Amino acid sequence: MTSPRAPGPRSRSTSPPEPPDARARFRRLRRAELPSETVALARFLIGCIIVSDVPPGRASARIVECEAYLPGDAAAHSFRGETARNRTLFMRRGHAYVYFIYGNHYCLNVSSERAGIGAGVLLRAGEPLTGIDLMRARRGVSAERDLCRGPGRLAQALGIGAAEDGLDLCAAGPLWLAAPRDGPGGRVAVGASVRIGISKEADRVLRYYVRDSPYVSGPKKLNS
DNA sequence: TCACTGATCGTCT
DNA sequence: GACGATCAGTGAG
């Protein structure tokens with residue numbers, strides 16, 4: 001009948017009580033702060049925060065893993081040129097490219113170059129920060145580690161679907177990027193590896209992740 | 001922890 | 001009609 005795990009239609013909010021952690025404050029990233037080159041942006045995004053205000057409430061996660069998909073990269077969805085599906089990948093940097101994959105899952109990218117150039121950064125995993133109960137409800141699992149570990153899981157936990165495709169992540173809206181939290185522990189060791197789940201250009205080291213983070217996806221040998 | 005497999009459906013050739 | 005930037009479940013080591 002209906003697709004089982006695709007994010008459902010937005011429920012009509014009946015002013016649910018705001019969980020205490022939803023009041024955490026984040027500073028929205030300005031586009032000028034985003035590096036204008038894909039690899040640099042992928043590295044930059046590690047430690048940044050993705051914030052979803054998709055109803056019924058706020059959920060956010062610290063980005064701990066992402067992959068760069070470059071212009072002219074055979075593994076990138078933009079490789080064959082612009083289509084109806086991937087057109088948001090050709091928007092200027094800082095826009096959401098959301099696509100549906102394997103009949104079950106949505107994945108979120110951040111467009112990464114100037115308008116007209118197809119490239120992006122796939123957000124693969126996050127460490128849940130706020131709205132954890134909401135993520136649990138969306139995901140149907142309780143283990144915090146499994147809420148955002150993997151691109152499909154991350155999108156589902158944040159309530160991201162086709163409706164979020166094309167959103168400006170540097171503007172006010174239901175989905176946006178926030179600066180890393182300052183203070184002790186703000187600086188992390190970033191590792192690099194080959195990308196996961198692709199067959200073309202599979203040897204390129206374009207995946208970045210937080211070393212030793214339990215929230216990173218993929219086999220252990222890629223994460224040391 | 002890893003390897004394997006089925007589910008599921010939009011997109012593209 | 002084939003493929004795919006995945007996930008969850010199962011079984012083996």
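Just so it is clear, the model here is predicted, and its values are computed rather than measured.
Evaluation of the side-chain contact (heavy atoms from CB on, under 4.5 Å) rule for A:P71 yields A:T38, A:E113, A:I117, A:A119 as partners, not counting sequence neighbours. When the side-chain hydrogen bond (donor to acceptor under 3.5 Å, both in side chains) test is applied to A:R138, no partner is found at least two apart in sequence or on another chain.
Straight-line distance from the CD1 atom of A:I196 to the C1' atom of C:dC7: 13 Å, rounded to whole Å. The OH atom of A:Y106 sits 15 Å away from the C1' atom of C:dG4 (whole-angstrom rounding). In this entry the distance linking OH of A:Y99 with C1' of B:dC9 reads 15 Å, nearest Å. Protein atom CD1 of A:I101 is 18 Å distant from nucleotide atom P of B:dA7, rounded to whole Å. One interatomic measurement links the two molecules: CZ of A:R149 to P of C:dT6, which rounds to 14 Å at whole-angstrom precision. Summarising the geometry, the separation between OH on A:Y102 and P on C:dA5 is reported as 5 Å, rounded to the nearest angstrom. Following rounding to the nearest Å, A:Y97 (OH) and C:dA5 (C1') show an atom-to-atom distance of 9 Å. A:N109 has its CG atom 11 Å from the P atom of C:dT6, to the nearest Å.
Contacts with DNA chain C (heavy atom under 4.0 Å) in residues 78-93 of chain A: none are found. A heavy atom closer than 4.0 Å to some atom of DNA chain B occurs in no member of residues 111-126 of chain A. Within residues 64-75 of chain A, the residues having any heavy atom closer than 4.0 Å to DNA chain C are, in order of number, A:Y69, A:A75.
The side-chain heavy atoms of A:W176 and A:R28, taken from C-beta on, include a pair separated by under 4.5 Å. Counting heavy atoms from C-beta outward, A:P151 and A:Y106 have side chains that stay 4.5 Å or more apart.
The side-chain tip of A:R195 points at the ring of A:Y69 from less than 6.0 angstrom away and within 45° of straight on. Stacking of A:R207 on the aromatic ring of A:Y209 is recorded, both the 6.0 Å distance cut-off and the 45° axial limit being met.
Remark: A:H105 is not in phosphate contact with C:dC7, judged by side-chain N or O atoms under 4.0 Å from OP1 or OP2.
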Determine, step by step, whether A:H77 and A:Y99 satisfy the ring pair (Phe, Tyr, Trp, His ring centres under 6.0 Å) criterion, reporting the C-alpha distance in whole Å, the side-chain angles of both residues, the deciding distance to 0.1 Å, and the verdict. CA-CA 10 Å; A:H77 286 183; A:Y99 65 92; 4.5 Å; yes
In sequence, state the C-alpha distance, the side-chain angles, and the governing distance for A:R124 and A:I196, and then conclude on side-chain contact (heavy atoms from CB on, under 4.5 Å). CA-CA 10 Å; A:R124 284 198 56 93; A:I196 293 174; 3.7 Å; yes
Test log, rule side-chain contact (heavy atoms from CB on, under 4.5 Å), inputs A:V210 and A:E65: CA-CA 7 Å; A:V210 175; A:E65 181 186 356; over 6 Å; no
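For A:F100, counting side-chain heavy atoms from C-beta on, the closest listed nucleotide (B:dC9, C:dA8, B:dT8) is B:dC9. Closest approach to the A:N104 side chain among B:dA7, C:dT6, C:dA5 is made by B:dA7 (side chain taken as heavy atoms from C-beta onward).
When heavy atoms are screened at a 4.0 angstrom cut-off, A:R139 is found touching the sugar-phosphate backbone but no base atom. Residue A:R153 is classed as a sugar-phosphate contact, given heavy-atom separations below 4.0 Å to backbone atoms only.
For A:R27, the CZ atom sits in a packed shell: over 12 heavy atoms of surrounding residues, nucleotides or ligands are nearer than 6.0 Å.
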Dot-bracket, 5' to 3', for DNA chain B please: Watson-Crick or G-U pairs under 3.5 Å, [ ] where pairs cross earlier ones, | where the partner sits on another strand, dots elsewhere. |||||||.||||.
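The line from NE2 of A:H95 to CG of A:D168 is 4.0 Å long, rounded to the nearest 0.5 Å. Rounding to the nearest 0.5 angstrom, the gap separating the CD1 atom in A:I160 from the CG atom in A:L108 is 4.5 Å. In this structure, the separation between CG on A:L154 and OG on A:S52 is 10.0 Å, given to the nearest 0.5 Å.
Between A:P151 and A:K200, it is A:K200 whose nearest contact on DNA chain C lies nearer the 5' terminus.
Side chains of A:D165 and A:T88: a donor-acceptor N/O pair is present below 3.5 angstrom, by distance only.
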